[in-house]
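Treat the numbers as computed from the prediction; the structure is a model and nothing was measured.
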Amino acid sequence: MSVLRDFVSAGEASQREGLVSKAIELPIPIIDQKKVRVSIGLNQEISEDTDVLLATGIDVNSDDALHQRWLKLEESVICQARGKTVSLFKPKARLLTEKTNNTNKPVCTCQEPITFSIPVENHWKIPLSLQNLYLLWKFKPLSCEVLMSNEDEFGSEDSQLVTTQLIEVVEMAPEAKMKVILSLTPLEPGELIVTGLAYTLVSKSPDGAIVNSMQGRKIFTQMVGPRLNSTPVERKSIIYAKDFRLNYVVEPIMPRLRMSFQNVPDFLLCGEVKQISVKIENIGKTSAKNICVAYSDPKFIWFEGTLVDNLWGTKLNIPNNCDSLVPGASAVLNAWIRATDESGLMEFDLLFYFEEEIEGNSRSPRYSLINHTFQILLNDSLMMSGKAYRRPVELKDNEYTDSLSVALRLTSRHLSSEGLGFLSIDDVNVLNDEWEATLIRDAELLPDLKPFQEAVMNITCAATRPVEPVNDIETNDDGCIDVLNIMAQRCMISSQSSSDQNLVNDEIAYGKKLKKLLDGALDARLPICVKWKAYVNSDEDTATKQTVFGIHFIYIQTLNKIYRIPASVAIVPSSQTKETKILNFVTFDENGEVIKGDDQRLLATLEAEISRCICYRLDYKSPVCHDFSKSRLCLVPVKIVVFNSFRKEVDVRVAAMDPRLPPRNQLYHPEAMTPFSWVGTSQTWRTLQPRSITELNWTLCASMPGTYCLDNRLKIDCRITFDGEEKPRVFGQVLKFDFELLVTSP
């Protein structure tokens, strides 16, 4: 401490007698100039009203990875605002670090703050006390072309050109490192250069009283960027690019908007939909127009009055058909947010865009950006899994169409929020016009899911292709906006159809042919939405229950595959069954090489999927009453409808099994063992075009009353000739349905 007092006392005396300048460059503290971080724009504000949340804005110490995330949103919102794709996107410099491209001078506007994060280090083993810290600058206004500076006179008084923030006291512990946050705001257009940091070094007595002080500064040297290596001269010598992190071009004033959010919850249930309010205020001196917003994920938010299918950005619909906000004006918009399916902390970003209002088309309007990040804690609510598989061909409005069965499994998660009542399922529907879903089990009869009990509900739906397209419904019966339906549609539109991974090794030619054949044949493209409501305690009165609504969305892309929401949770029983041992047979490929066991099993899986792509239906009258005393044989006409779900022409064989042979599966229908036979045509080949249907009229002959399992003596195979092969390959029938005929006698 005595060394510091002597140093400060000598420096103070030298400055007082004029032997040195009023503010000299001191060796303490040390500044790591390379790690100086700069943010341009409005900083994060804190609202005095606890119910109002202001936009988070730019944080000078934010992660560089987050900065890259904002750049993607910026490109998206610019394309949305200008109505076209930007051929050469040049992002607006809002965060400058050692990892950003600083080879061009950043552009800022008048009355827009510039914030600096300056890392300082006290390498002495004694504490330091710094007072009256502020930034040094040089400014050349456009009006007079005279270089102005605050370096000559020591002090932090604000000038008419630049206002400078002042930090009164900074205490540094011995060998401590810290960051000093300072800002300045240019008031006129021109060129601004930040040259250093000024401060007062104070020496204190053991009781904390100030003994003496001296003015000091740290001058910033010219920063250097990455090493250049593009030309032969640059590669042979050591040349670095210039870093203009501290040099700015100040443009005329721009509109200033303040974004605030109301009714933003701190906690939500997974999948819950909540309404919030967004208030936009023009606190600047010029009008703002073309206000747009981009979001990190369209599934999580929707603004009232905007299009449902605008995925990554949209123009906001200002009330009263206002194209712009004049100074002092404000507007309130309604928006709905939806919680994700994963519990924990949910984060999603909004980036607001607005332009200045100019007269004529002399130049492109300048724009400004405001960003905000929502952070909401989510509690578990519902877990869902779904699987789609083929059903018999459906007869609908006198036309045959393919159909699917969808098995849904809903499970209540262990909910952490106290006082939650139960979940009630309101509706289950399909969101696109390719399928029409019908609940086999009425939704009104579904039981409520109790929390803390791992309650399970199984729902089965039948999905058929409609004869006429189904229009999307966005209003309720009373004319109100169906927000749950809109949020579900946004989930559907934003679901990207990710292709399944390769099932077999690409080196196996046969496997590649199977995958090509299955391309499109197993596509379900079935978006299913489950709407629910839950009852939770009210914030004001724990005895009062309030109703919250939500949706869970699952996109079943491929048949015969289980999809889960949330995807990270597997719905399996606690006790796993023992793995069945599979016999490995040696299989050879076209080149005579042995196929590995894993690839062999996967090839068998592909062959089984191909066999499931030929679907059929049997139409007949049941029950049939026949007097066997008058006629020993009962003839029943049966129409066989076969559907080809491939996108390739295939040959289909429909054959009757020999009645002298036993049924293929004695355990399939043990009660339906009465013998019968097919008369007339007993085998035929038909060529089916892609996604087409063929009809066959056969006749069944029964010799006594009983229950007959028709498909038990029917075999349907498909024959496919692959490219480069002479002989076709035959795939046997795997898919089986229940077709029973009841024959009675009077």
Side-chain angles (χ1 to χ4, degrees), residues 1-39 43 59-64 95-99 114-137 150-156 164-184 193-225 240 243 245-246:
M1 293 295 292
S2 60
V3 177
L4 178 62
R5 284 197 298 269
D6 295 341
F7 177 78
V8 174
S9 177
E12 182 183 21
S14 301
Q15 290 178 345
R16 185 171 55 251
E17 296 175 1
L19 299 178
V20 296
S21 61
K22 193 171 184 180
I24 62 176
E25 187 167 2
L26 300 179
I28 53 174
I30 296 177
I31 294 180
D32 190 354
Q33 186 176 336
K34 185 179 179 181
K35 295 184 179 179
V36 172
R37 302 171 66 91
V38 184
S39 66
N43 299 322
D59 185 7
V60 69
N61 291 321
S62 62
D63 191 1
D64 292 328
L95 181 63
L96 307 174
T97 66
E98 59 180 334
K99 296 182 180 180
I114 306 174
T115 307
F116 299 81
S117 174
I118 304 173
V120 295
E121 178 184 0
N122 175 19
H123 62 289
W124 286 13
K125 296 186 178 181
I126 57 175
L128 293 181
S129 179
L130 307 179
Q131 294 184 355
N132 300 329
L133 289 83
Y134 66 95
L135 293 171
L136 299 175
W137 50 263
N150 68 342
E151 296 179 349
D152 299 334
E153 296 183 1
F154 187 81
S156 61
T164 310
Q165 180 189 3
L166 176 71
I167 297 180
E168 295 182 354
V169 178
V170 172
E171 301 287 348
M172 299 188 66
E175 298 181 339
K177 295 181 180 180
M178 62 184 304
K179 294 180 180 180
V180 177
I181 309 297
L182 287 169
S183 65
L184 52 79
I193 303 176
V194 177
T195 59
L197 175 67
Y199 55 91
T200 300
L201 183 60
V202 176
S203 173
K204 295 183 179 181
S205 61
D207 57 357
I210 298 177
V211 177
N212 42 35
S213 61
M214 65 178 299
Q215 290 84 26
R217 64 177 63 181
K218 300 291 289 188
I219 301 298
F220 297 152
T221 59
Q222 175 63 45
M223 291 187 177
V224 294
Y240 293 90
D243 191 324
R245 211 182 312 173
L246 304 177

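Between Val36 and Ser117 there is no side-chain heavy-atom pair separated by less than 4.5 Å. Residues Leu130 and Leu201 meet the side-chain proximity criterion, which asks for heavy atoms closer than 4.5 Å. The shortest distance between side-chain heavy atoms of Tyr134 and Asn150 falls below 4.5 Å. Looking at Ile219 and Leu136, their side chains come closer than 4.5 Å, going by heavy atoms from C-beta outward. Side-chain atoms of Val224 and Asp243, non-hydrogen and from C-beta on, never get closer than 4.5 Å to each other.
Considering CD of Gln131 and CG of Leu166, their distance stands at 10.0 Å, rounded to 0.5 Å. Separation of atoms CD1 (Ile114) and CD (Gln165) is listed at 13.0 Å; rounding is to 0.5 Å. How far CD1 of Ile118 is from CD of Gln33: 9.5 Å, rounded to the nearest 0.5 Å. For the atom pair NZ (Lys177) and CE (Met172), the distance works out to 10.5 Å, reported to the nearest 0.5 Å. From Ile167, atom CD1 reaches atom CG of Leu135 across 8.5 Å, with rounding to the nearest 0.5 Å. Note that CG of Leu26 and CG of Leu128 are 10.5 Å apart. Values are rounded to the nearest 0.5 Å.
In this structure, the side chain of Asn61 does not engage the main chain of Arg37 through any donor-acceptor pair within 3.5 Å. Using modelled atom types, no side-chain atom of Asn122 and backbone atom of Ala176 make a donor-acceptor pair closer than 3.5 Å. The backbone N or O of Glu151 sits less than 3.5 Å from a side-chain atom of Arg217, completing a donor-acceptor pair. The backbone N or O of Met223 sits nowhere less than 3.5 Å from a side-chain atom of Arg245 that would complete a donor-acceptor pair. Lys218 places no side-chain N or O within 3.5 Å of a backbone atom of Ile30 that could act as its donor or acceptor partner.
Take Glu171 and apply the side chain to side chain donor-acceptor pair (under 3.5 Å) test, not counting sequence neighbours, and it matches Ser129, Lys204. Considering only residues two or more places apart in sequence or on other chains, Thr97 meets the side chain to side chain donor-acceptor pair (under 3.5 Å) condition with none of them. Among residues two or more places apart in sequence or in another chain, the side chain to side chain donor-acceptor pair (under 3.5 Å) test is passed with Asp32 by none.
Minimum interatomic distance between Tyr199 and Pro29 (heavy atoms only, all atoms of both residues): OH-CD, 3.6 Å. Closest heavy-atom contact between Pro127 and Pro174: N-CG, 3.7 Å.
Other residues, nucleotides and ligands contribute only 12 or fewer heavy atoms inside 6.0 Å of the CD atom of Glu168.
Across Leu184, Leu96, Ile181, Leu197, a single residue satisfies side chain to side chain contact (heavy atoms under 4.5 Å, CB included) together with Phe116, and that is Leu184.
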Worksheet item: What do the steps show when you test Lys179 against Val60 for side chain to side chain contact (heavy atoms under 4.5 Å, CB included), and what is the final call?
Response: CA-CA 11 Å; Lys179 294 180 180 180; Val60 69; over 6 Å; no
